[in-house]
Amino acid sequence: MAKQTYYTGEVPASKRPLLTPLTSHTSSLELENLEQTAASSFSALENQQDIYTPEFEEFNGKCDSLFFNDGQRRIDFVLVYEDESRRETNKKGINEKQRKKRRAYESNLICDGLELEATRSVMDDKLVFVKIHAPWEVLCTYAEIMHIKLPLKPNDLKTRDFAFTHFNWFTRFLQVKESIIKPEQEFFTAPFEKNRMNDFYIQDRDTFFNPATRSRIVYFILSRVKYQVTDKVKKFGISKLVSSGIYKAAFPLHDCNFNHPSEDPSCPSERYLLYREWAHPRSIYKKQPLDLIRKYYGEKIGIYFAWLGYYTKMLLLAAVVGVACFLYGYLNQNNCTWSKEVCNPDIGGKIIMCPQCDRLCPFWQLNITCESSKKLCIFDSFGTLVFAVFMGIWVTLFLEFWKRRQAELEYEWDTVELQQEEQPRPEYEARCTHVVINEITQEEERVPFTTWGKCIRITLCASAVFFWILLIIASVIGIIVYRLSVFIVFSANLPKTFNATDPIQKYLTPQTATSITASIISFIIIMILSTIYEKVAVMITNFELPRTQTDYENSLTMKMFLFQFVNYYSSCFYIAFFKGKFVGYPGDPVYWLGKYRNEECDPGGCLLELTTQLIIIMGGKAIWNNIQEVLLPWVMNLIGRCRTVSGTEKTTPRWEQDYHLQPMGRLGLFYEYLEMIIQFGFVTLFVASFPLAPLLALVNNILEIRVDAWKMTTQYRRMVPEKAQDIGAWQPIMQGIAILAVVTNAMIIAFTSDMIPRLVYYWSFSVPPYGDHTDFTMEGYINNTLSYFNIADFKNKTRAGNPYSGLGNYTTCRQVLFTCLKMHFKGTVMNAFLCIIN
């Protein structure tokens, strides 16, 4: 057996790999060759001869320090592990395997040129923090490999003046003062090349690469360094080491504490500035410091907050118009003639409606729906029609203006040519075992699977997504069956006649009780299925193996949104376009599954029920998300601090403070986007039924921006900064929602709302030759929309065959019938007209 040699500190120069930078047209074969060269020392791991370990140093007491103990080398990344020898439950075999993998990994990091320093935890001596520093040569080499754009010279072009400069006094009040957050100096940039180093604007080697860029480079190395080779299968990357428990965490450092600046005068204390001028509640009225957000967290997070802020700003106009339309309906509800007829004891109180289920449901008076008809007057008014048209224009303008704003950010943040810079994911590179000829370059490339294998993977992934969509549809059918079943119970037990002095009966009708309970159950099922599918979608996307991180996120985005679209909106589509449309008529109703009679809408239509569904889902989702985003990380951090606090207060270093924060996760931002896009769908798709949706979204988003800022600056570890050119697949998704929104709102006005029947009656059937009124009016509208059913037609049938026997001594009952007329009915001329147009 070969003797194993341990080296502490830096690897000798003769042992380090020689890294050759790549061109912008790097193939997968060249990239693999680079990795083999970069990890040439890995052969030593297999021979078990040379192992390089980090130096162990004691904490020097400087809690705000971002450097090694020598005060010179900056900490670019931190790895955390638990010392196996000090664990309470010491499983020798497992611990030894983990120790070997970790030592091999750290040895290969040192061989790749990184410098490591280890320090034990101040609060828990079982924890070890491995601090990583990237020297100048490593940064330059990988900056060229990653095609990172760096400054050539300061930008001396004059910036154009913005329009409406005379409003500067107002915008200055909303902006962060330049004396607090200084504007960034602009540069001309170019992809870094070592052989042209003299052309770049290098005044200080320590600051040429900013902390965000240094962290990106180090994470790029950490994601590709190997730690084991078993049967020619390479195992590599910090992500697998963290997920397997060999390391407990891996993260870049915050630059200071969030509630006070750093004691180090050279530290810019950007985290403190972000908390004070962005995340703090007193800054809720200020514009977001997007440039500082981008500098500290990277372009990917910066573009998210830029989009969210722009969306919120555009919602202000929609909210104002929506409130105006709501107030129009609210102030005019007392002038709603048809609602007065429903509530009038001499009109609605004498109209006997047909039972809505067989045998158990009684005949009922129309005026028990008095309160719901008053509410319907608020939402189903002329203002709603105007607002639906306005929102169709608004969503188009929002998307077009955002494209313009996004193009400006691409230029300002220098991400126009980002597609050429992005590298393949390490998981993709590891599976590239098949050699193919590129049809364009005619060069050899390595791919993870053949064309046939790719087709099989796509088929399996599509089948899995389709299965989950069918599962959602099954849950919606289950909710429909619940509605049909429970409506019979409420109809049999709730009062049959209207009593204005009973406060409960005044608002709680069978339709309302069924709608509210079904909406709550639907919301619970939606949240459960959503939680499960999130994990399934990640597994499916991992199996699909996209090439780049952008491809990965776009693929996951489409899967998640397709599922969530069906999950969140299917019940709304059912109420809006299917409920009450296929009910048959008394004596010949339509049955579900041969057992359950299809449910009917309220005599005023299903619009109010659709509004109830939207309020419960939108409100419930907002409350649930805020609980998850605010309370959950705060409680977890509180529990973590309580576990680690000892009898006496100790000064803890920056890396240990950050370790006790919550990890954001690489898909953390994805869920933020998903939450907002689902809300965007509610605001646009069904806004004709609920004009206050933009106002609720506006209030939620104003808080959402500050809550997200608060949790990122105070509750979460610093994320690895990532580049992003735009919002990715969310842009075409929003465009698809915008097109669908125009269609759905038009159909709601046409089929779900009673707007068209009322207009038809007002202009055509209230006056001669069809009506008896001399002037256009809505009087008599209720009577003209209800058909007569002659109960006497059942007298010749047996008691078992007559579902209405024993329910009262009535000769006729009334039914809302805008479908084609059949026997047993005495219809009106308006019924016949609406039968034709429907």
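Judged purely by atom type and a 3.5 angstrom limit, T611 uses its side chain to pair as donor or acceptor with the backbone of S689. Without hydrogens or angle criteria, T396 side chain to G392 main chain gives a donor-acceptor distance under 3.5 Å. S555 places no side-chain N or O within donor-acceptor distance of the main-chain N or O of T541, the cut-off being under 3.5 Å. For Q725 (side chain) and V416 (main-chain N/O), a donor-acceptor pair under 3.5 Å exists by modelled atom type. For the pair N745 (side chain) and A388 (backbone), a donor-acceptor distance under 3.5 Å is absent. In this structure a side-chain-to-backbone donor-acceptor pair under 3.5 Å is missing from S522 to A518. Put simply, the side chain of R216 never gets that close to the backbone of V720: no donor and acceptor are under 3.5 Å apart. Without hydrogens or angle criteria, T744 side chain to A741 main chain gives a donor-acceptor distance under 3.5 Å.
Put simply, CD1 on I526 and CD1 on I521 are 12.0 Å apart, with the number rounded to the nearest 0.5 Å. Expressed to the nearest 0.5 Å, how far CE of M712 lies from CZ of R717 amounts to 15.0 Å. Note that the CD1 atom of I458 and the OG atom of S463 stand 11.5 Å from one another [nearest 0.5 Å]. With rounding to the nearest 0.5 angstrom, the CG atom of D380 is 9.5 Å from the CG atom of L608. To the nearest 0.5 Å, the span separating CD1 on I148 from CZ on F220 amounts to 9.0 Å. Between the CG atom of L692 and the CD1 atom of I615 there is a distance of 8.0 Å, given to the nearest 0.5 Å.
When all heavy atoms are compared, the tightest approach of F690 to L696 is CE2-CD1, 3.6 Å. When all heavy atoms of A697 and V683 are compared, the pair lying nearest together is CB-CG2, 3.6 Å. M755 and S381 make their closest contact through CE-O, 2.8 Å (heavy atoms, listed as atom of the first residue, atom of the second, distance). Residues I284 and R706 share a closest heavy-atom pair of O-NH2, 3.4 Å. Taking all atoms of both residues into account, the shortest heavy-atom contact from G681 to I737 is CA-CG2, 4.1 Å. Across every non-hydrogen atom of L397 and M314, the tightest pair is C-CE, 4.3 Å.
Looking at heavy atoms from C-beta onward, I617 lies out of side-chain contact with S519 at the 4.5 angstrom threshold. Considering only heavy atoms from C-beta on, L274 comes within 4.5 Å of P289 through its side chain. Side-chain contact between Y569 and I678: present, with at least one pair of heavy atoms (C-beta onward) separated by less than 4.5 Å. Looking only at side-chain heavy atoms (C-beta outward), T384 and S753 stay at 4.5 Å or farther from each other. The side-chain heavy atoms of E534 and Y671, taken from C-beta on, include a pair separated by under 4.5 Å. The closest side-chain heavy-atom distance from D708 to L308 is below 4.5 Å. For the pair Q735/Q731, a side-chain contact is recorded, criterion being any heavy-atom separation below 4.5 Å from C-beta on. Residues F577 and I748 meet the side-chain proximity criterion, which asks for heavy atoms closer than 4.5 Å.
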Assess whether side-chain contact (heavy atoms from CB on, under 4.5 Å) is satisfied between W402 and I727, documenting all intermediate values.
-> CA-CA 11 Å; W402 166 246; I727 62 174; 3.7 Å; yes

Dump the intermediate steps for salt bridge (charged side-chain N to carboxylate O under 4.0 Å, His left out) on K559 and E544, then the final yes or no.
-> CA-CA 12 Å; K559 291 182 182 65; E544 188 179 333; 2.4 Å; yes

Kindly determine whether Q679 and Y311 satisfy side-chain contact (heavy atoms from CB on, under 4.5 Å), including the steps that lead there.
-> CA-CA 11 Å; Q679 181 206 87; Y311 170 46; 2.8 Å; yes

Please test N701 against M676 for side-chain contact (heavy atoms from CB on, under 4.5 Å), starting from the C-alpha separation and ending with a verdict.
-> CA-CA 8 Å; N701 288 5; M676 289 295 103; 3.5 Å; yes

Full working for side-chain contact (heavy atoms from CB on, under 4.5 Å) between F670 and M560 | CA-CA 10 Å; F670 168 82; M560 281 296 298; 3.3 Å; yes

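Residues forming a side chain to side chain contact (heavy atoms under 4.5 Å, CB included) with L327 (at least two apart in sequence, or on another chain): V323. Partners of A738 under the side chain to side chain contact (heavy atoms under 4.5 Å, CB included) rule, at least two apart in sequence or in another chain, are V395, L399. Applying the side chain to side chain contact (heavy atoms under 4.5 Å, CB included) criterion to V386, with sequence neighbours excluded, gives F382. In this structure, the side chain to side chain contact (heavy atoms under 4.5 Å, CB included) partners of T517, at least two apart in sequence or on a different chain, are Y482, F490. The disulfide bond (SG atoms under 2.5 Å apart) test applied to C325 returns no partner, not counting sequence neighbours.
Residue Y304 forms a ring pair (Phe, Tyr, Trp, His ring centres under 6.0 Å) with just one option from Y673, Y297, W730, and that option is Y673. The only member of K300, R294, K149, E410 that meets side chain to side chain contact (heavy atoms under 4.5 Å, CB included) when paired with T415 is E410.
Between F326 and F387, the gap from one ring centroid to the other reaches at least 6.0 Å. Ring to ring, F686 and F573 are close: their centroids are under 6.0 angstrom apart. Taking the six-membered ring for Trp and the full ring otherwise, W624 and F523 have centroids separated by 6.0 Å or more. F401 and W394 have their aromatic ring centers separated by at least 6.0 angstrom.
Look at E299 and K723 and you find a salt bridge, because one of the NZ, NE, NH1 or NH2 atoms lies within 4.0 Å of a carboxylate O, short of that distance. A salt bridge links E672 with K711: at least one charged nitrogen is closer than 4.0 Å to a carboxylate oxygen.
Cation-pi geometry between K621 and Y568 is met: under 6.0 angstrom from the ring centre, within 45 degrees of the axis.
Using modelled atom types and a 3.5 Å distance limit, the side chains of D726 and W307 yield no donor-acceptor pair. A side-chain donor-acceptor contact under 3.5 Å links W278 and Q288.
Few gaps surround CZ on F390; more than 12 heavy atoms of other groups in view lie less than 6.0 Å from it.
Counting only residues at least two apart or on different chains, the ring pair (Phe, Tyr, Trp, His ring centres under 6.0 Å) pairs with a member in residues 532-563 are W468-Y533, Y533-F563, F561-F565.
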